[in-house]
Amino acid sequence: MYILGVSCYYHDAAAALLQDGVLLAAAEEERFSRIKHDYGFPRKAIQFCLDQAGLEGKDLDYVVFFEKPFRKFDRILMTTLQTYPQSWKVFREAMISWMVDKLWVATTLQSELRVGKEKILFSQHHLSHAASAYLCSPFEEAAILTVDGVGEWVTGTYGVGHGNDIKLHKQMEFPHSLGLLYSAFTAFLGFEVNEGEYKVMGMAPYGEPRYVDKVWKVVQQNQDGSFALDMDYFSFHHSTDQTYNQKFVSLFGDPRSPKALFFTKGTGFPKYFGTPPGNFLELSKQNQHYADIAASIQRVTEELLLGMANHLYRQTGLKRLCMAGGVALNSVANTRILNETPFEELYVQPAAGDGGGALGAALWAYNILLGKPREFRMEHAYWGRSNSEAEIGDFLRENNIPHRRVDSEDRLLDQVVNHLTSAKVVGWSQGRFEWGPRALGNRSILADPRNPEMKDIVNAKIKFREPYRPFAPSVLAEQTEKYFDLPGAVRHAPARYMLYVVPVRELQKATLPAITHVDGTGRLQTVFREQSPRYYRLIERFGQATGVPVVLNTSFNLKGEPIVNTPGNAFNTFSKSEMDVLVLENFIIEKQFD
Ligand SMILES: [Fe+2]
């Protein structure tokens with residue numbers, strides 16, 4: 001039985017294909033369309049899933065959309081009418097796009113895939129999130145917490161998974177949304193909403209949470225973990241381009257300019273920014289203020305999530321927790337939930353945001369609606385498209401790109417390790433691309449984490465990266481605890497997907513300067529031999545050569561672009577940056593210096 005899950009028209013569009021309840025392929029549309037966070041109909045991602053299984057649309061048994069368009073339409077209609085006439089612009093734009101695209105999802109799916117109406121099913125937004133976590137997890141029973149911006153009406157749920165069923169027993173509703181609260185601060189701090197949330201999290205450790213009291217003025221939490229935003233401070237419910245209002249500005253001061261460079265007195269002025277400005281001290285003071293605001297919203301977000309998780313534990317008494325929704329990508333908060341609540345194990349799958357809704361919708365249909373037993377556990381993120389040797393060879397020859405093909409994997413890995421230990425920055429593409437926003441060793445840029453200059457070297461070579469964006473370490477799973485404070489590391493699934501941020505061990509901070517963030521932490525990826533064989537062997541080799549089985553791993557893309565997919569994307573990124581070496585499966589391309 002083949003079931004295709006589809007999510008689109010809000011954040012990240014994606015498709016996921018199950019065969020008899022087991023995932024065959026899953027990908028976000030942005031990797032194919034090359035439009036970051038592409039939310040349009042995921043035509044290319046669907047085609048990829050079908051090709052991967054050798055199917056046509058007519059072979060599908062069900063096509064499942066990740067939410068209920070009419071219910072969402074109802075929310076937009078109701079909220080805009082309540083805030084009319086302020087919301088006139090939202091209302092008009094929403095009407096146009098809903099009339100053109102969204103209410104006709106079933107018709108679009110039928111005509112694009114050539115499937116009958118009876119094969120089209122609709123899940124619910126948060127049920128899809130919940131299913132995307134619990135039904136992929138190894139747990140037979142677990143508490144479930146979903147938290148995001150907003151689905152149809154719902155912004156968060158508490159639930160329980162048992163066997164192949166899920167019960168959601170409490171929900172929070174729009175406009176009271178933790179995702180939208182975080183996004184308002186993301187916009188205030190000069191970053192793009194739905195894109196810059198990571199930057200807020202990365203900036204927070206540069207600041208002190210001095211403004212938590214002020215943040216608690218705009219949001220209050222109840223005993224049961226639910227919370228309410230004071231809507232006097234926000235405008236996302238009646239505006240298309242402004243998430244916070246003048247009252248918010250009166251409380252927190254002027255917003256940060258999106259063009260401002262980030263540095264503080266502590267960081268100094270990074271070399272790759274050029275010559276320090278005359279008013280360095282004044283600008284660093286301003287940045288410090290914004291870093292303090294980032295630290296404050298991050299702290300309150302963590303407290304809100306801890307409140308929810310603790311309540312959920314009190315209600316369920318279960319020791320395992322599955323999380324999904326965009327907020328579950330907040331890896332700093334995830335670690336606090338692990339460490340500071342009675343939950344002993346968490347499960348978060350790598351596409352915890354709306355893209356993952358495609359997977360959740362398909363699993364919901366198979367396991368819950370059709371009542372079939374659970375056949376699938378997600379143990380890695382490599383569900384995207386791979387590039388064949390022939391495809392890479394043809395690309396390189398047709399474009400006259402000088403290259404070497406290295407047949408022996410041993411020799412290939414030795415050469416890559418030599419480059420890394422010679423302070424070179426390596427673009428590394430192999431196998432199927434990753435599901436979700438993180439690069440996990442199949443479309444990654446790699447470097448030596450031991451080199452204290454490496455942060456600056458990577459920032460300078462791969463231009464336009466901000467200094468508050470930390471570089472992540474990939475470590476051999478069995479050796480994690482020597483370098484990072486994560487007891488029982490191998491059993492923690494979120495660490496496979498960089499969804500925990502943990503302290504680098506005190507004695508190892510000097511060993512790993514390039515991946516140790518300003519607060520002494522690292523957003524680690526534990527790498528397993530069975531699931532990532534070639535990447536594992538590379539890190540193993542690096543460990544044999546240097547004594548340290550850890551590499552610096554950052555996503556293979558330029559700022560503002562989706563992570564690379566094809567040899568063409570990878571070569572383009574390699575050419576536009578000052579990356580030294582590009583490895584595409586068994587092919588090595590070195591930069592030719594004139
Ligand atoms: Fe969502």
Side-chain angles (χ1 to χ4, degrees), residues 5-16 26 28-30 37-40 42 45 64-76 79 94 102 105 122-136 144-159 166 168 170-184 186 192-198 226-227 229 236-237 243 301 304-305 308 322-331 333-334 347-364 435-437 497 499:
V6 175
S7 68
C8 60
Y9 298 145
Y10 189 39
H11 290 149
D12 300 289
E28 282 156 317
E29 184 71 0
E30 64 162 32
H37 300 302
D38 192 344
Y39 57 84
V64 195
F65 194 65
F66 82 128
E67 63 180 17
K68 291 210 170 5
F70 278 96
R71 220 176 275 181
K72 191 162 192 170
F73 181 69
D74 169 61
R75 188 248 303 165
I76 290 173
T79 14
K102 301 174 188 172
V105 172
F122 290 87
S123 177
Q124 290 171 36
H125 192 104
H126 277 261
L127 192 53
S128 297
H129 276 319
S132 80
Y134 173 68
L135 294 174
C136 286
I144 303 174
L145 176 63
T146 68
V147 191
D148 71 354
V150 60
E152 295 93 352
W153 272 102
V154 179
T155 60
T157 64
Y158 294 159
I166 289 176
L168 298 180
K170 180 177 174 60
Q171 59 186 45
M172 285 152 263
E173 288 192 357
F174 185 87
H176 305 295
S177 157
L178 183 48
L180 293 174
L181 172 70
Y182 207 84
S183 294
T186 301
E192 221 174 295
V193 168
N194 298 329
E195 162 67 21
E197 281 75 5
Y198 277 107
S226 66
F227 57 88
L229 302 190
F236 59 75
H237 50 310
T243 53
T301 299
L304 285 163
L305 285 166
M308 291 185 223
C322 295
M323 288 176 62
V327 180
L329 292 168
N330 194 311
S331 31
N334 292 351
Y347 185 86
V348 190
Q349 59 89 24
D354 277 359
L359 170 63
L363 288 166
W364 163 78
W435 169 237
Y497 310 124
L499 288 167

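When a ligand or atom number is given, it counts from 1 through the structure's own listing order.
- Rounded to 10°, the angle formed at the Fe ion (ligand 1) by D354 OD1 and D148 OD2 is 170°.
- At least one N, O or S atom of H129, from either the backbone or the side chain, sits less than 2.8 Å from the Fe ion (ligand 1).
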> Would D354 and H125 count as a side-chain contact (heavy atoms from CB on, under 4.5 Å) if you check the C-alpha gap in whole Å, the side-chain angles of each, and the deciding distance to 0.1 Å?
Replying inline: CA-CA 8 Å; D354 277 359; H125 192 104; 3.1 Å; yes
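- Across every non-hydrogen atom of H37 and N194, the tightest pair is NE2-O, 3.2 Å.
- Between Y347 and Y497, the ring-plane angle classifies as perpendicular under the 30° and 60° cut-offs.
- The Fe ion (ligand 1) lies under 2.8 Å from an N, O or S atom belonging to H125.
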>> Run the side-chain contact (heavy atoms from CB on, under 4.5 Å) test on V327 and Y182 for me, step by step, so that the C-alpha distance in whole Å, both residues' side-chain angles and the decisive distance to 0.1 Å come before the verdict.
In response: CA-CA 9 Å; V327 180; Y182 207 84; over 6 Å; no
